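Here is the structure we will look at, set down as structure tokens.
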Amino acid sequence: MELKPDDLRLAYRHMRMIRLFEEKLSDLVQAGKLGGFLHLYAGEEAVAVGVCSQLQETDVVTSTHRGHGHCIAKGVEVPGMMAELFGRATGTCKGKGGSMHIADMDKGMLGANGIVGAGIPLATGAALTAKLKRTGNVAVAFFGDGASNQGQFHESLNMAANWQLPVVYVVENNGFGEFTPTEFVVPVRDIAERARSYAMRSEIADGMDFFDVAEKASKAIAAARAGEGPTLLECKTYRFMGHFVGDPLPYRHKEEAEDWIQNRDPLQGFERTVAERGLLSAGELRVIDGDVERELAAAVAAAEEAPLPSIDELLTDVYVETA
Amino acid sequence: MTDRKLSVAAAINEALHIAMQTDPDVILLGEDVAGGGARDGDDVDEMGGVLGVTKGLVKAFPDRVLDTPISEMGIIGTAVGAAATGLRPVAELMFMDFLGTCLDPLLNQAAKLRYMFGGKARVPLTVRTVSGAGMQAAAQHSQSLYWITTGIPGLKTVIPSNPADAKGLLLSAIRDDNPVIFCEPKTVLYASGPVPEGDYEVPFGKAKIVREGSDVSLIAFGATVRVALQAAERLAADGTSAEVLDLRSLQPLDEEAILTTLAKTGSVVIVDEATPRCGIASDVAALCVDQGFDHLNTPVKRVTAPHCPVPFAKVLEDAYMPSAERVIAAVAELS
């Protein structure tokens, strides 16, 4: 895997954008400006960005209810996403999808998904398309440790392994399925172990370390593209802001959360690594920080000003209308 | 009309051959759709599905007919993902009762992707599924659950009553850019009838008058069309002229054809193989009352299965299914 300075700048930009985007959403909810259910990705940035840094635009990803990070990492435009969250006509999905359904097929983003585990067979299907149509594309399913308990996970992995599909299953093990600690409901220590049932490769990455995720994703993606079948890549991570916006977090240990947030922040880790390796200067990163902050502020301002959907849109796109 | 007669099963097989010949993106996947067969050049033959409907297709299209594990959620979910990314899958759900094992990919994915994505996705998926009673398959292999799929915005649901429609409706389903549930009623599957040669489509949302009449309209679809025709025959002998309308497509629904026959006869009996609550018969009855009230001379009657599971014993299963006798009795209540 080779990461050029431009790749690193883009990765950092995406990670910073995800963090600020999610913090901004939390503020906007508290200010009463946003409705609906919001699940924030802060803390898990290295996973989405690490994996997507190794993908092509035509590769397809499926996501989860915690999907903003995957969207940004896959290149979905932030102004459209923000307008979508404001329920505006200019949103990525014309204001009809909302947080849990942001999708942009033009960017290979086959949707956030409100149903835990439901993106997994969709990615498997995208991989079937890639294989049968010989497009050379790879599909990636992002999902959580919770989804690995769903039938859709097991059925999909079995089929993908059997057909040797070009797909990478990325499980973001953030230690909790909603509010229940993973070890309360999962008998295996590592979700990656589940790959063995399907004679599938597996790999465990430090989900707080962009470089580790990118390295391991790169191998899995290359194998998939080379026709060597699927990989289950488990990324150990942590959600900094709880399950949903407004989560009072009574169920998690304060010290544990502080340890992850203070000592393992993926953005700080990235900054340390690029400094140690002399890849990017702190000054460059601060310039990106400023750019991202301005872009985000502009996106919020534009979304607030954007028109609401016309009531006529209620009934459009239920079906493909053919002549 | 052609003299050539085929069963519905054979007409479906022919439609699949045509669809796969004319479009390289069409694939078949499901449990046993290839159905084993020779892998190493030995002399075993494939099953072609539990009822043999897809037999021969794997030989003609070896790379595009995919046996799956018994994983309905995986099959349908994968088919949705494949459809959204450029294939045109025909997935087989062996029996419609198995909807319970794969509802999410239909209810929350296939039906909604386009709408949720602001019109950017299309899901050209066909799900073929055997529905209904009549083979003593009992409670978990005999249900007519098209009322569920019909009630889900984003899905289309069609149900043929004869071989010619089965072929044309299936070709339309496969070429439709929306997810379509194609029901294959058990008592229809082996019914024989004329089937035109070649490639043709039967459009959705177009009901068909299969018998003209003037005194009462019998509205039927799938398995109940034959029942309604039998009833009409016997009613004619008693001097009642019954018109029989075959809906063919449940969503979209040909409301105009329903209201037209209602206006012609002033009386409607709807014959539906499914259970009565929240069903197609109730839906059509509501339409008749809501929009055809001025033309109604009698109450609207429904002949359906009762609100109970499908029983095993033949005598009970026969009592469960709508019959010509029950249709005639319903017509008798009108006068």
Side-chain angles (χ1 to χ4, degrees), chain A residues 60 62 84 89 91-98 100-106 108-115 117-130 132-133 135 137 139 141 150-152 154-160 162-163 165 309 313 315-322, chain B residues 24-25 27 29 63-64 66-89 91 101-102 104-105 107-125 152-156 172 175-180 203-204 251-252:
Chain A
V60 171
T62 65
E84 184 64 28
T92 314
C93 305
K94 300 185 188 172
K96 292 165 79 171
M100 283 192 280
H101 309 297
I102 298 182
D104 189 344
M105 302 292 283
D106 299 336
M109 172 60 206
L110 190 44
N113 211 306
I115 307 297
I120 303 172
L122 299 184
T124 308
L128 183 63
T129 299
L132 294 183
K133 291 178 74 105
T135 61
N137 289 338
Q150 288 276 28
Q152 306 215 42
H154 294 278
E155 294 188 15
S156 295
L157 265 68
N158 185 50
M159 289 168 68
N162 198 43
W163 288 337
L165 297 182
E313 285 287 346
L315 297 180
T316 60
D317 295 323
V318 180
Y319 294 95
V320 180
E321 303 298 341
T322 35
Chain B
D25 289 337
I27 64 163
L29 75 168
D63 301 332
R64 292 194 274 147
L66 309 176
D67 272 338
T68 64
I70 303 171
S71 304
E72 284 84 4
M73 195 149 53
I75 297 164
I76 305 297
T78 297
V80 174
T85 50
L87 288 174
R88 202 167 274 278
T101 62
C102 63
D104 183 71
L107 168 70
N108 284 317
Q109 313 302 325
K112 294 180 171 60
L113 291 189
R114 181 172 183 79
Y115 192 82
M116 295 192 303
F117 295 2
K120 274 198 179 173
R122 50 184 66 205
V123 184
L125 165 70
I152 299 171
L155 301 183
K156 296 183 177 180
S172 291
R175 291 162 181 170
D176 198 292
D177 280 341
N178 296 285
V180 180
F204 291 176
Q251 170 58 39

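All values reported here derive from a predicted model rather than from experimental measurement.
Your options are A/Gly98, A/Gly97, A/Ala126, A/Gly117, and the one with the most heavy-atom pairs under 4.5 Å with chain B is A/Ala126. Ranking A/Thr92, A/Thr135, A/Leu128, A/Asp106 against chain B, the residue ahead of the rest is A/Leu128, based on heavy-atom pairs under 4.5 Å. Your options are A/Val60, A/Ile102, A/Asn113, and the one with the most heavy-atom pairs under 4.5 Å with chain B is A/Asn113. The candidate from A/Ala123, A/Ala130, A/Pro309, A/Pro121 with the greatest count of non-hydrogen atom pairs under 4.5 Å with chain B is A/Pro121. For the set B/Gly119, B/Gly74, B/Gly154, the entry with the most heavy-atom pairs within less than 4.5 Å of chain A is B/Gly154. The candidate from B/Arg64, B/Gln109, B/Glu72 with the greatest count of non-hydrogen atom pairs under 4.5 Å with chain A is B/Gln109.
Atoms CZ and CE, from B/Phe117 and A/Met109 in turn, are 7.5 Å apart once rounded to the nearest 0.5 Å. Rounded to the nearest 0.5 angstrom, A/Met159 CE and B/Leu66 CG are separated by 8.5 Å. Interatomic distance, NZ of B/Lys120 versus CG of A/Leu110, reported as 12.5 Å (0.5 Å rounding). Atom OG1 in A/Thr316 sits 9.0 Å away from atom CZ in B/Arg114 (nearest 0.5 Å). The CD atom of A/Gln152 sits 10.0 Å away from atom SG of B/Cys102, with the distance rounded to the nearest 0.5 Å.
Neither the backbone nor the side chain of A/Asn162 comes within contact range of chain B, judged by heavy atoms closer than 4.5 Å. With a threshold of 4.5 angstrom between heavy atoms, B/Ile27 approaches chain A through side-chain atoms but not through N, CA, C or O. Only the side chain of A/Leu132 has a heavy atom closer than 4.5 Å to any heavy atom of chain B. Contact annotation for B/Leu155: only backbone heavy atoms (N, CA, C, O) come within less than 4.5 Å of a heavy atom of chain A. Residue B/Asp25 touches chain A through its side chain alone, counting heavy-atom pairs closer than 4.5 Å. Heavy atoms of B/Ala84 lying under 4.5 Å from chain A belong to its backbone as well as its side chain. If you measure heavy-atom distances from A/Lys133 to chain B, the contacts under 4.5 Å come from the side chain alone.
Smallest separation of non-hydrogen atoms from A/Trp163 and B/Thr78: CZ3-CG2, 4.5 Å. The two residues A/Tyr319 and B/Asn178 come nearest to each other via the heavy atoms CA-OD1, 3.3 Å.
A donor-acceptor pair under 3.5 Å is formed between the side chain of A/Thr129 and the backbone N or O of B/Ala82.
No side-chain heavy atom of B/Tyr115 sits under 4.5 Å from any side-chain heavy atom of A/His101.
Scanning for side chain to side chain contact (heavy atoms under 4.5 Å, CB included) contacts around B/Asn108 gives A/Ile115, B/Asp104, B/Lys112, with sequence neighbours left out.
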